[in-house]
2 protein chains.
Amino acid sequence: MNIGDVARQSGVPAKTIRYYEDIGLIRPNRSENGYRAFTENHVHKLAFLGRARALGFTIEDCRTLLSLYEDEKRESMQVKAVAEDHLRQIEEKIAKLQSMRATLAELVEKCAGDHRPDCPIIEDLSPERLAK
Amino acid sequence: MNIGDVARQSGVPAKTIRYYEDIGLIRPNRSENGYRAFTENHVHKLAFLGRARALGFTIEDCRTLLSLYEDEKRESMQVKAVAEDHLRQIEEKIAKLQSMRATLAELVEKCAGDHRPDCPIIEDLSPERLAK
DNA sequence: CATTGACCCTCCAGTAACTGGAAGCCTCAT
DNA sequence: ATGAGGCTTCCAGTTACTGGAGGGTCAATG
């Protein structure tokens, strides 16, 4: 199978597939003409990667998950550890963003948004306190 | 004032200050010895930038905000527009992350996390459906 | 048989916002 | 004079791709 077919079937862009080969996530053979030659298994791995990436796993996580995916003797605790760690990081990010949102929403609400220069947003960002 | 003092007073790392000069966010003078020479105003701007960055504004947003900060004739609607836009993007990110979190949390909960290979996380990522 | 259009290939560069490190000058205190 | 910091520049690396240039390959058509 050529890269275009694989891209269509796996949902991963050709460019990205080449990149994944570069970093060693997949290892397609080559045809005589130099084209990458993929198998069904590659399609599966790429779809797997696509899903993992969609859940926000890093490429390094994906590398680990892929090896566990292929390992008949994996222990589910290994998988769970990766996922839990990632979950924690997502929760941290959410918390950070929610705190930003709270501040921003408050400032936006307080700002008149008219033609006058007075602006609570600018004031909040301004370091007047330093000049006290 | 030298860069170290400014870093301490503004809370922005020296390295970052140099970077901000590189990209034209601030323009300190130079002393005879080649050292950057900062004023109080630079400290204020950097503290401003630090806060804006902490709220997640991009560098380009910061450029805009900084010019509005310095513009006596700004209209608060300009500031508000930037902030609202940013707020929207933050909300998008939160939504995406929450969706990831929901999926992940469910999978993590379902996973036994023991020594057996069976794992709902791996199963969810696996593209069995393609091979139907 | 030549051409055309759709594929495929390999580099190279750019993205966002820094951060780390090397190599080397400046300054001040001992 | 020497040593500890502080300052300088420049280069490289980070994350995960994405776009584009320049150039082969293949199948079908005229």
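Each chain gets a letter, A, B and so on, in the order the sequences are listed, and its residues count up from 1. Treat the numbers as computed from the prediction; the structure is a model and nothing was measured.
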Discussion item. So B/Phe57, base contact, sugar-phosphate only, or nothing? Heavy-atom distance under 4.0 Å.
Written reply: nothing

Fill in: Any donor-acceptor pair under 3.5 Å from B/Ser99 side chain to B/Ala95 backbone
no

Worksheet item: From C/dT19, C/dA17, D/dA16, pick the nucleotide closest to the side chain of A/Thr58?
Response: D/dA16

Discussion item. Under 4.0 Å from OP1 or OP2 of D/dC7: is there any side-chain N or O of B/Arg36 that close?
Written reply: no

Discussion item. Please confirm whether the shortest side-chain N or O distance from A/Asn33 to OP1 or OP2 of D/dC26 is below 4.0 Å.
Written reply: yes

Fill in: A/Arg18 CZ to D/dT18 P, straight-line distance once rounded to whole Å
12 Å

Worksheet item: Looking at C/dC18, D/dT18, C/dT19, which one has an atom nearest to any side-chain atom of A/Pro13?
Response: D/dT18

Discussion item. Can you confirm whether more than 12 heavy atoms, excluding those of B/Arg27, are under 6.0 Å from its CZ atom?
Written reply: no

Item to complete: Quickly work out the B/Asp5 CG to D/dG6 P distance and round it to whole Å.
Response: 10 Å

Item to complete: Find the distance B/Ile3:CD1 to C/dC25:P and express it as a whole number of Å.
Response: 20 Å

Protein N or O to nucleotides 28-30 of chain C N or O, pairs below 3.5 Å:
none

Worksheet item: Do side-chain atoms of B/Ser31 reach the backbone of B/Asn33 as a donor and acceptor pair under 3.5 angstrom?
Response: no

Worksheet item: Is it the case that B/Gln9 and B/Asp5 place a side-chain donor and acceptor less than 3.5 Å from each other?
Response: no

Worksheet item: Given atom CD1 of B/Ile17 and atom C1' of C/dT19, what is their separation to the nearest angstrom?
Response: 14 Å

Worksheet item: Given C/dC18, C/dG20, C/dC8, which nucleotide is nearest the side-chain atoms of B/Tyr20?
Response: C/dC18

Item to complete: Tell me which of A/Gly34 and B/Tyr19 sits closer to the 5' end of DNA chain C, going by the nucleotide each one is nearest to.
Response: A/Gly34

Fill in: Separation of atom CZ in B/Arg30 from atom P in D/dT8, rounded to whole Å
6 Å

Discussion item. Within the 4.0 Å heavy-atom criterion, would you say B/Arg53 contacts the bases, only the backbone, or no part of the nucleic acid?
Written reply: sugar-phosphate

Worksheet item: Where the side chain of B/Thr16 is defined as all heavy atoms beyond and including C-beta, which of C/dC18, C/dC26, D/dG19 is the nearest nucleotide?
Response: C/dC18

